[in-house]
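Single-structure report; data block below.
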Amino acid sequence: MMTTNGTHPIGFISNAWYVLCTTRELGTRPLARRLLDQPLVAFRDADGTPGVLLDRCAHRNVPLSAGRVCGSLLQCAYHGWRYDREGACRRIPGLDGDAAHPTRRVPHYATREHDGHVWVYGAADVAPHDEPYRLPAIDRPGYTTVQRVVDAEAGVFAVVENALDVPHTAFVHRGLFRGAGTPHRIRAIVTRTAAGVETEYLGEPRPEGIAARVLAPGGGVVTHFDRFILPSIAQVEYAIGDATHLLVTALCTPIDAFST
């Protein structure tokens, strides 16, 4: 369910791309997920292409994630109705002739897979005009990519704000990265971009916390950018001297009002 302006009733942005799962998580069995407080099911067809449907059979409202994949179709566990990646019913075993009934369908969600993630468009039965975010530096020589899945018991806006909130690090993470030494006055330049907002911090010396000393033992000035990218991506970029370049991108998926 969404309103006509593309927003969800509880404040989410529906007309946007979100990460539903990692590539590794989506194997040969249906995968149940929630997005924007809606139950979804992801599955792969015979070619390995992912599809995402509302996790409810059009017949008796049974979760399709309880079923199984048959070739390129997702079969309901209750009466065996089978659906393709577009949500159309292609088989009803209980009917004479076992014919397809494409007019009986469930909502489907546009899906893309790249950079180790399966992305889904938040609005059902929509052909998006844009593509999901591409992670930078994934294949750049000299870089190591680390992927983590973190579950937060908080709404997506609080999670994104926390990821981009510099002052709290001197207290919550005191001694790990900041807060161990003398405070420094720095300058922040905030710039609107086509996709969101970027903040550049100028004049910050290398913090004296343990993490900073390990990453850049030779010291140096910090190059620091924080970025908010619509609809719910937080990106933090650090370069310390010539030794270290870190680019942390949090692809925040709103499960419901209190889970991310």
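The main-chain N or O of Asp45 is never found under 3.5 Å from a side-chain atom of Ser72 such that the two would form a donor-acceptor pair. Remark: side-chain polar atoms of Arg187 are not paired, donor with acceptor, to backbone N or O of Gly203 under 3.5 angstrom. A side-chain donor-acceptor contact under 3.5 Å links Asp125 to the backbone of His108. Within the 3.5 Å criterion, the main-chain N or O of Gln75 finds no donor-acceptor partner in the side chain of Arg91. No donor-acceptor pair closer than 3.5 Å links the side chain of Asp84 to the backbone N or O of Leu73. Using a distance-only test at 3.5 Å, with no hydrogens or angles considered, a donor-acceptor pair links the side chain of Thr253 to the main chain of Val19. Without hydrogens or angle criteria, Thr111 side chain to Gly51 main chain gives no donor-acceptor distance under 3.5 Å. No donor-acceptor pair under 3.5 Å is formed between the side chain of Ser65 and the backbone N or O of Pro30. When atom types are taken as modelled, the side chain of His117 and the backbone of Asp115 share a donor-acceptor pair closer than 3.5 angstrom.
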Go through the steps for Leu26 and Arg44 under the test side-chain contact (heavy atoms from CB on, under 4.5 Å), then give the verdict. CA-CA 8 Å; Leu26 186 56; Arg44 295 189 184 277; 3.9 Å; yes
Evaluation steps, side-chain contact (heavy atoms from CB on, under 4.5 Å), between Trp119 and His114: CA-CA 8 Å; Trp119 295 75; His114 60 70; 3.5 Å; yes
Start with the C-alpha distance between Tyr143 and His245, add both sets of side-chain angles, then the distance that settles ring pair (Phe, Tyr, Trp, His ring centres under 6.0 Å), and finish with yes or no. CA-CA 9 Å; Tyr143 283 75; His245 184 208; 5.6 Å; yes
So Arg227 and Leu164, side-chain contact (heavy atoms from CB on, under 4.5 Å) or not? Walk me through it. CA-CA 8 Å; Arg227 302 180 183 96; Leu164 300 177; 6.0 Å; no
Stepwise side-chain contact (heavy atoms from CB on, under 4.5 Å) check, Tyr201 with Asp226: CA-CA 8 Å; Tyr201 299 93; Asp226 283 350; 3.5 Å; yes
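Heavy atoms only, all atoms of each residue included: Arg56 and Pro63 are closest at NH1-CG, 3.7 Å. In this structure, Tyr83 and His59 approach most closely via the heavy-atom pair OH-N, 4.1 Å. Phe171 approaches Pro167 most closely through the heavy-atom pair CD1-O, 3.5 Å. Here the closest heavy-atom approach between residue Val126 and residue Tyr121 is recorded as CG1-CE2, 3.7 Å.
For the residue pair Thr191 / Glu200, no side-chain donor-acceptor distance below 3.5 Å is found, with atom types taken as modelled. With 3.5 Å as the limit, one finds no donor-acceptor pair spanning the side chains of Tyr109 and Gln38.
You'll find the side chain of Val190 reaches within 4.5 Å of the side chain of Val197, heavy atoms only. Looking at Pro39 and Arg34, their side chains come closer than 4.5 Å, going by heavy atoms from C-beta outward. Taking the side chain as every heavy atom from C-beta outward, Arg33 and Glu25 approach each other to under 4.5 Å. In this structure, the side chains of Val236 and His224 come closer than 4.5 Å at one or more pairs of heavy atoms. Contact of the Pro128 side chain with the Trp17 side chain is registered, since non-hydrogen atoms from C-beta on lie closer than 4.5 Å.
By the criterion of side-chain heavy atoms lying less than 4.5 angstrom apart, applied directly or through intervening Ile, Leu, Val, Met, Phe, Trp or Tyr residues, Val120 is grouped together with Leu54 in one hydrophobic cluster. Grouping the Ile, Leu, Val, Met, Phe, Trp and Tyr side chains by contacts below 4.5 angstrom, directly or via other members, places Tyr133 with Ile138. With hydrophobic clusters built from ILVMFWY side chains whose heavy atoms lie under 4.5 angstrom apart, Ile255 does not share a cluster with Leu251. There is no path of hydrophobic side-chain contacts, each under 4.5 Å, that joins Val118 to Tyr18.
Of the candidates Ser232, Pro254, Pro231, Pro254 is the only one forming a side-chain contact (heavy atoms from CB on, under 4.5 Å) with Phe12.
Around the CD atom of Glu161, the shell of radius 6.0 Å holds no more than 12 heavy atoms that belong to other residues, nucleotides or ligands. The environment of Asp130 atom CG is dense: over 12 non-hydrogen atoms of other residues, nucleotides or ligands sit within 6.0 angstrom.
The pair Arg85-Asp47 does not count as a salt bridge, with every side-chain nitrogen at least 4.0 angstrom from each carboxylate oxygen.
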